[in-house]
Structure formats: C-alpha cells, structure tokens
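Chain A is the first sequence line, chain B the second, and so forth, proteins listed ahead of strands; every chain is numbered from 1.
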There are 2 protein chains.
Amino acid sequence: MSSYHHGDLRRAVLDRALEVVAEQGPAALSLRAIAADLGVSHTAPRHHFGSNTGLLTAIAIEGFEILRERLAQLRDQRAPFLELGVAYVEFASAHPAHFAVMFQPTLLDPTDATLEQAADATFAELRAGVEAIAPGSSTQDAAAVVTAAWSLMHGLATLELTGNLERSQIRRLLGLTDIADIARRAGSLLGASSRSAPSS
Amino acid sequence: MSSYHHGDLRRAVLDRALEVVAEQGPAALSLRAIAADLGVSHTAPRHHFGSNTGLLTAIAIEGFEILRERLAQLRDQRAPFLELGVAYVEFASAHPAHFAVMFQPTLLDPTDATLEQAADATFAELRAGVEAIAPGSSTQDAAAVVTAAWSLMHGLATLELTGNLERSQIRRLLGLTDIADIARRAGSLLGASSRSAPSS
DNA sequence: CTTCGATCTTTACAGTGGCAACTTACCGAT
DNA sequence: ATCGGTAAGTTGCCACTGTAAAGATCGAAG
C-alpha cells in the first residue's frame with residue numbers, strides 16, 4: 001500500500017512548478033522533469049492539468065485568486081487607495097511565479113472559463129477600489145487615474161521581478177531597500193496630483 | 001548559383017523570429033520551424049545565433065539599440081520629459097517582439113557582453129533624460145521621479161502588449177484609442193506633481 | 001588556379017510533449 | 001461483502017525540437 005496514489009499530487013506538482021518558474025522562468029517548465037523530481041511517472045501530472053499550458057493556467061488562476069482575496073481584504077478595511085497598489089507590488093514580490101504567468105496570455109489556455117472568471121473577479125476588485133477613492137470624478141478622470149496607477153504598480157512589479165530595478169541601480173539611488181516602500185514613494189507622486197483634481 | 005548561400009539568412013531568421021514572437025510569444029519560437037519556413041536546413045540558423053537563447057538575445061540587443069537611438073534623438077531635440085515616456089510606449093507598440101524579449105532575463109544569455117552593453121547604454125539615455133528635467137532636485141527626488149515614470153510607462157506598455165488593457169475595457173472608459181494619447185494622459189498625472197516639488 | 005574561411009547541409013542523438021491502452025486503488029450502491 | 005464505476009498512475013509509442021560533429025559548397029583573396 002506504499003504509494004500508488006501520491007496523496008496530493010496536484011498540489012505537489014503546483015508547488016514544484018512554482019519553484020521552477022520562479023527560478024528559471026515559465027519557458028523552463030517541463031512536466032517530465034517535475035514528474036521525475038516527485039518520483040512519479042512522466043504522465044501522472046497530465047491527469048491533473050491536461051497539458052503544459054494547463055499547468056500554467058492553473059498557476060495563473062491561483063494567482064488571481066490570491067490577489068483578489070488580498071484586495072478584497074483591503075477594501076473591507078477601507079484602506080487608502082495607495083495601499084491597494086502597494087499590495088499589488090507586494091503580491092508580485094511574494095508570489096513571483098504566479099505573477100510572471102498571470103499576465104502572459106500566450107502561455108495560457110484562452111478557452112479556460114475558470115481563468116477568465118478569476119481574472120475578471122480580480123479586475124472588478126481593482127475597479128471597486130477606484131470607485132472608493134474618486135466617487136465624484138468623471139468616468140474619464142477615474143479611468144485615467146486607474147490606468148496610471150495600475151500601470152505604475154504593474155510596471156514597478158515587473159521591473160523588480162525581472163531584475164531591471166536592481167541593474168539600473170535605482171534602489172541604491174532611492175535609498176530604499178523594501179519594495180513596498182519604493183511603491184509608496186513612487187505611488188505618492190501620482191496621488192498628489194490625482195487628489196488635487198476632482199472635477200465634479 | 002541558385003541558392004546554397006541564402007544572401008542574408010541572419011536578417012531573414014531575425015525577421016521571421018520577430019513575427020513568431022509577436023504572434024505567439026517567445027515560448028513558441030522554434031529554430032527548426034523558422035528554418036523550414038525559410039527553406040534552409042534546420043541547423044543553418046545555428047551558425048548565426050548559436051542557440052535558441054542566442055537568437056532571443058540578438059533580438060533583445062536589436063531592441064535596445066532601436067530604443068536608445070530614439071531616446072537619443074528626442075534628447076537632441078530637447079523634447080519634454082513626458083515625450084520620452086511616450087516614445088517608450090510607442091516603441092513597445094511598434095516593436096512588440098523586441099519589447100517582449102528585452103526585459104525577460106530568463107530568456108537571454110547572461111554572459112553576452114554585447115547585450116549588457118546595449119542595455120546599459122539605453123539605461124544611460126533614460127537617466128540623462130531625467131537629469132534634463134530635474135537638474136535642481138535632490139538625488140533621491142530625481143530617483144523617485146524616474147522610478148515612477150519608468151514604472152508607469154513600462155507597465156502601460158506591458159499591459160497593452162499582453163492585451164490586459166483591452167480586456168479591462170480601460171480604453172473604452174478613457175475614450176482614447178491611440179496608445180500614445182493614453183500614455184500622455186496617464187503620464188501627465190505624474191508630471192503635475194513632479195513639477196510642483198523641486199526641492200532645491 | 002589554388003587555398004581558405006564563412007556559410008550551409010547531412011547525419012546523429014538525447015530530451016520533451018502529447019496520445020492511447022492498460023493497471024491499480026478507492027468509493028458508493030446494491 | 002462484493003461489484004462496478006471512476007479517479008489516479010503506469011508503460012510504451014510517435015512526432016518534434018535542440019544540440020552537436022563532420023562534410024559539402026560558395027566567394028574571395030592571393
């Protein structure tokens with residue numbers, strides 16, 4: 001009875017895949033290599049994820065859910081808008097593999113309904129956060145703010161994860177080591193002008 | 001004399017690779033498939049690029065050079081700082097395959113000296129643009145501005161290229177179709193506050 | 001005309017993903 | 001208690017890809 005059934009192979013494959021993606025990027029992911037690491041046959045993961053893109057899609061779904069829960073939590077706490085952005089960057093820093101996969105549609109299964117639903121739910125949470133900060137502003141002004149804020153935080157997270165923030169020595173120039181502090185500093189540059197221009 | 005030598009196989013492979021990357025992402029790139037498309041043997045590209053990552057590295061180098069030239073051009077024209085950001089986004093939009101590869105170190109050859117040099121030269125151009133806009137501000141203030149600006153433009157370009165700007169319907173809410181206009185609108189939110197806080 | 005280097009081809013091998021058929025374990029209904 | 005269905009896992013196979021070494025072809029310099 002030793003181990004025909006693994007117990008929780010699905011979770012084990014996911015965890016190992018997250019390690020590989022975080023260390024070597026999504027392109028280096030190999031179902032066979034993962035199966036070998038876990039000591040199961042090379043087609044065992046197929047039962048849970050179908051294919052290579054199926055595994056990546058599952059990671060993306062999990063990422064969207066983690067992020068959405070965190071954003072919803074902040075919204076319940078009536079947290080300031082800036083903290084949503086900070087949480088976005090912190091999520092990317094804490095879950096680099098998830099983040100690296102979530103926004104790369106070429107790696108994912110476009111027909112997966114669960115993925116679409118998870119992504120939409122997360123976007124809805126972001127929009128709700130914007131509603132809270134600028135209830136009186138016009139639709140276009142609000143859209144401009146969310147575009148700028150989302151772009152800034154997404155870009156910061158991306159540059160950090162790809163090592164480009166480090167290589168460009170920005171961290172040293174800023175004198176900040178914590179990525180959340182950097183996010184607050186950069187984000188506050190946006191907040192100053194967005195607060196000063198409610199147009200209603 | 002028909003065709004033992006291709007003429008300019010290197011350029012042909014690069015162009016075909018750019019098409020594939022733009023349409024299906026870097027992971028879908030196959031040296032053999034490209035060779036087949038061009039009607040040469042499957043190892044011919046290897047002679048020019050060495051390996052798969054060698055090809056991607058060559059694309060990244062080309063991308064850094066195109067971007068650097070454009071930034072240098074704007075600097076010669078004493079263009080406003082915002083236009084550097086707009087040019088950054090326009091570059092990503094015009095050369096999606098280059099952009100998709102340039103900032104993904106896991107896909108590139110880290111030992112390539114030419115790549116490192118091309119990237120450093122481009123970063124230097126960006127820093128020079130910041131010097132021009134805020135000569136009197138402190139080092140940390142300038143670093144904060146460049147972090148926010150770079151992050152914003154990089155994030156906007158990334159979200160646009162991955163289709164996430166489209167899916168989140170931000171374009172429609174903004175009422176802007178041209179990505180450069182979106183970049184100006186979003187970037188101007190930053191500019192307003194950065195101009196108002198010279199600290200010298 | 002010869003030689004040489006760059007370019008391209010041929011041939012070969014290992015790794016990977018995906019598919020089909022089969023085996024083993026679990027679980028609920030009878 | 002067992003019987004049958006389903007989930008989980010295995011083995012074997014094929015097609016495709018990357019990598020490598022050695023040979024063939026061309027252009028050009030001498």
Side-chain angles (χ1 to χ4, degrees), chain A residues 1-21 23-60 101 104-112 114, chain B residues 1-21 23-60 97 101 104 106-112 114:
Chain A
M1 66 155 291
S2 66
S3 63
Y4 191 96
H5 281 89
H6 179 280
D8 198 351
L9 181 59
R10 179 185 165 88
R11 179 89 305 241
V13 170
L14 273 175
D15 288 341
R16 179 65 188 137
L18 290 173
E19 288 180 24
V20 173
V21 171
E23 289 168 8
Q24 305 173 343
L29 191 136
S30 158
L31 281 182
R32 281 174 119 97
I34 289 178
D37 289 345
L38 298 178
V40 295
S41 78
H42 59 269
T43 52
R46 248 181 86 75
H47 271 276
H48 296 278
F49 304 102
S51 73
N52 210 341
T53 63
L55 174 54
L56 290 171
T57 303
I59 292 177
V101 166
Q104 291 207 289
T106 58
L107 296 177
L108 308 177
D109 177 10
T111 70
D112 191 309
T114 309
Chain B
M1 66 153 286
S2 65
S3 63
Y4 191 97
H5 283 91
H6 180 280
D8 197 352
L9 181 61
R10 181 186 164 85
R11 184 71 261 171
V13 170
L14 273 175
D15 288 341
R16 179 66 187 135
L18 290 173
E19 287 180 23
V20 173
V21 172
E23 290 169 8
Q24 305 173 348
L29 192 136
S30 157
L31 281 181
R32 282 179 117 100
I34 290 177
D37 290 344
L38 299 178
V40 296
S41 79
H42 61 270
T43 52
R46 236 179 97 70
H47 197 268
H48 295 276
F49 303 101
S51 74
N52 209 342
T53 63
L55 174 54
L56 289 171
T57 303
I59 292 178
V101 168
Q104 292 208 288
T106 58
L107 296 177
L108 307 177
D109 177 11
T111 70
D112 191 310
T114 309

Figure out the [atom1]/[atom2] separation between [X] and [N], and round it to whole Å.
{"X": "B:D8", "N": "C:dA6", "atom1": "CG", "atom2": "C1'", "value": "14 Å"}
{"X": "B:Q24", "N": "D:dT17", "atom1": "CD", "atom2": "P", "value": "12 Å"}
{"X": "A:H48", "N": "D:dT6", "atom1": "NE2", "atom2": "C1'", "value": "14 Å"}
{"X": "A:L38", "N": "D:dA8", "atom1": "CG", "atom2": "P", "value": "16 Å"}
{"X": "A:H47", "N": "D:dG9", "atom1": "NE2", "atom2": "C1'", "value": "6 Å"}
{"X": "B:L56", "N": "D:dG18", "atom1": "CG", "atom2": "P", "value": "10 Å"}
{"X": "B:L107", "N": "D:dG18", "atom1": "CG", "atom2": "P", "value": "14 Å"}

Among all residues two or more places apart in sequence or in another chain, which pass the side-chain contact (heavy atoms from CB on, under 4.5 Å) test with [X]?
{"X": "B:T53", "result": "B:S51"}
{"X": "A:A35", "result": "A:V40, A:P45"}
{"X": "B:T57", "result": "B:I61, B:L108, B:D109, B:D112, B:L115"}
{"X": "A:S41", "result": "A:T43, A:A44"}

- Would you please test B:R10 and B:D8 for side-chain contact (heavy atoms from CB on, under 4.5 Å) and show each step? CA-CA 5 Å; B:R10 181 186 164 85; B:D8 197 352; 4.1 Å; yes

I'd like a table of donor-acceptor pairs (distance under 3.5 Å, sequence neighbours excluded) in which one partner is a side-chain atom from residues 11-18 of chain B, with atom names and distances.
| from | atom 1 | to | atom 2 | distance (Å) |
| --- | --- | --- | --- | --- |
| B:R11 | NE | B:D15 | OD1 | 3.3 |
| B:R11 | NH1 | B:E62 | OE2 | 2.7 |
| B:R11 | NH2 | B:D15 | OD1 | 3.1 |
| B:R11 | NH2 | B:E62 | OE1 | 3.4 |
| B:R11 | NH2 | B:E62 | OE2 | 3.2 |
| B:R16 | NE | B:D37 | OD2 | 2.8 |
| B:R16 | NH1 | B:E19 | OE1 | 2.7 |
| B:R16 | NH2 | B:D37 | OD2 | 3.1 |

Quick test: give all pairs of protein nitrogen or oxygen and nucleotides 15-19 of chain C nitrogen or oxygen below 3.5 Å, distance rounded to 0.1 Å.
| from | atom 1 | to | atom 2 | distance (Å) |
| --- | --- | --- | --- | --- |
| C:dG17 | OP1 | A:L31 | N | 3.0 |
| C:dG17 | OP2 | A:S30 | OG | 3.4 |
| C:dG17 | OP2 | A:L31 | N | 3.4 |
| C:dG17 | OP2 | A:R32 | N | 3.0 |
| C:dG17 | N7 | A:R32 | NH1 | 2.3 |
| C:dG17 | O6 | A:R32 | NH1 | 3.4 |
| C:dG18 | OP2 | A:N52 | N | 3.1 |
| C:dG18 | O6 | A:R32 | NH1 | 3.3 |
| C:dC19 | OP2 | A:R46 | NH2 | 3.2 |

